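To start, the structure itself, in structure tokens.
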Amino acid sequence: MLTCKKLVENGSEYLEGDMSRWQRFKFKMHLFMCTHCKRYIEQLKQTISMIGISPKQAPSEELHQKLAKEYQEAMEK
Amino acid sequence: MSEKDLPEEKELIAGLMNNDQLLFSKVVKAYYPSMYSVAYAIAGHAIADEVVQEAWVSGIRALPKFEGRSKLKSWLIRIVANEAKTRLRKESRSVSLEAVNETWATDPRFDNRGHWNESNTEWDSASPDELLSANELQDCFDKHLELLPPNQKQVLNLRDVGGMEMEEICNILEVSSSNARVLLHRARDKMQQMVAHFQRTGKC
Ligand SMILES: [Zn+2]
């Protein structure tokens with residue numbers, strides 16, 4: 001039997017499509033019947049998107065200038 | 001400046017090859033957060049900016065040879081990751097090789113039969129953008145990303161921020177694919193728990 005705990009421990013493998021068809025079928029059946037786990041998988045997806053958009057740093061003016069100069073020089077060659 | 005404000009890929013490459021300095025500057029800004037995060041996860045704060053700079057310098061030089069087999073951003077991320085790894089070797093520190101030392105054995109979320117103890121509550125919003133728009137949540141999120149063990153942070157940043165393939169990640173970090181998978185999921189799961197806690201209590 002696939003427990004909630006096992007499902008949660010392997011949530012990424014499920015999302016990345018990284019399991020056998022039989023495993024996948026067991027996951028789907030469990031998710032069909034268990035609202036907790038269904039919610040967990042939804043929230044895991046949301047979390048992954050949040051991780052992707054969370055970095056918001058801006059380059060320092062100094063770095064920006066250096067790179068602009070580097071680009072300009074390379075283009076003029 | 002974000003990626004959404006950039007022209008689409010073809011136009012982007014054409015512009016960059018054609019000495020469009022304004023566009024170049026937009027691209028630098030738009031890609032910086034991801035490039036920085038990848039450099040930082042592998043090589044640390046102190047040299048992350050230098051790594052980004054070196055990567056761009058190599059990128060600019062190689063631009064005429066860019067064949068568009070991958071997206072420009074993926075290509076640059078790969079250069080950054082390799083550069084960060086090289087720098088780390090030069091400074092003779094190595095990427096953390098500590099084993100996957102956290103186990104799932106005792107997880108208070110589940111009873112001893114593996115069922116949920118607590119009920120997880122619904123989140124305020126379905127949109128990641130909207131969720132992060134709460135300042136306290138973004139702060140808490142950043143803080144927890146920072147607190148992840150180095151090896152989890154590396155895999156998470158390369159995969160979910162840099163969008164790299166798992167196979168490339170394993171090569172760069174020299175970890176087995178099963179370890180990389182565990183590290184990735186462990187990190188994602190911690191972040192999910194952090195957001196869940198914040199949604200439930202309103203506190204970090
Ligand atoms: Zn369940």
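Here is the naming used below: chain letters follow the sequence lines, and residue numbers restart at 1 for every chain. Computed from a prediction, not measured in an experiment: that's the story for all the values here. Scope of the values below: all heavy atoms of this structure, side chains included, with no hydrogens, waters or symmetry mates.
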With rounding to the nearest 0.5 Å, note down the distance linking [atom1] in [X] to [atom2] in [Y].
X	Y	atom1	atom2	result
R61(B)	E73(A)	CZ	CD	9.5 Å
E9(A)	D107(B)	CD	CG	7.5 Å
C37(A)	W116(B)	SG	CH2	6.0 Å
H64(A)	W56(B)	NE2	CH2	9.5 Å
S12(A)	R186(B)	OG	CZ	11.5 Å
N117(B)	C4(A)	CG	SG	10.5 Å

Under the criterion side-chain contact (heavy atoms from CB on, under 4.5 Å), I'd like the reasoning laid out for S37(B) against Q57(A): C-alpha separation, chi angles, the key distance, then a yes or no. CA-CA 9 Å; S37(B) 300; Q57(A) 307 92 328; 4.2 Å; yes
Any heavy-atom pair between the side chains of [Y] and [X] that's under 4.5 Å?
X	Y	value
L44(A)	H185(B)	yes
R188(B)	I48(A)	yes
V195(B)	Q43(A)	no
Y36(B)	P59(A)	no

So which of [options] has the largest heavy-atom pair count under 4.5 angstrom toward chain A?
options	result
V161(B), L63(B), V52(B)	V161(B)
V28(B), D49(B), L132(B), L131(B)	L132(B)
S127(B), G163(B), G114(B)	G114(B)

Which portion of [X] sits near chain A, non-hydrogen atoms under 4.5 angstrom:
X	value
Q199(B)	neither
Q138(B)	side chain
L16(B)	both
M17(B)	backbone
R181(B)	side chain
L137(B)	side chain
N157(B)	neither
D160(B)	both
S125(B)	backbone

Among [options], single out the residue with the greatest number of heavy-atom pairs under 4.5 Å to chain B.
options	result
S60(A), P55(A), A68(A), S49(A)	P55(A)
K45(A), E76(A), E13(A), E70(A)	E70(A)
M50(A), Q72(A), M75(A), K66(A)	M50(A)
T3(A), L67(A), T35(A), I53(A)	L67(A)

Verify salt bridge (charged side-chain N to carboxylate O under 4.0 Å, His left out) between R159(B) and E16(A), making sure each step is shown before the conclusion. CA-CA 11 Å; R159(B) 178 70 185 153; E16(A) 313 245 338; 3.0 Å; yes
State whether a side-chain donor-acceptor pair under 3.5 Å links D20(B) with Y71(A).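 Not at all, the side chains of D20(B) and Y71(A) share no donor-acceptor pair under 3.5 Å.
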Over 12 foreign heavy atoms within 6.0 Å of CD, Q23(A):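 Yes, enclosed.
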K26(A), NZ atom: more than 12 neighbouring heavy atoms under 6.0 Å: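 Enclosed: over 12 neighbouring heavy atoms sit under 6.0 Å from NZ of K26(A).
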Only one of Q193(B), M191(B), K190(B) clears side-chain contact (heavy atoms from CB on, under 4.5 Å) with T47(A); which?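 The option that passes is M191(B).
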Counting only non-hydrogen atoms closer than 4.5 Å, does K56(A) touch chain B with its backbone (N, CA, C, O), its side chain (CB onward), both, or neither?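 Both backbone and side chain.
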At a heavy-atom separation under 4.5 Å, does N10(A) approach chain B through its side chain, its backbone, both, or neither?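 Contact with chain B is through the backbone of N10(A) alone.
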So does E122(B) get a backbone contact from the side chain of E42(A), meaning a donor-acceptor N/O pair under 3.5 Å?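 Not at all, since once roles are kept as given, no pair shorter than 3.5 Å links the two residues.
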Tell me, with the steps shown, if Q192(B) and I51(A) meet side-chain contact (heavy atoms from CB on, under 4.5 Å). CA-CA 10 Å; Q192(B) 187 276 344; I51(A) 294 163; over 6 Å; no
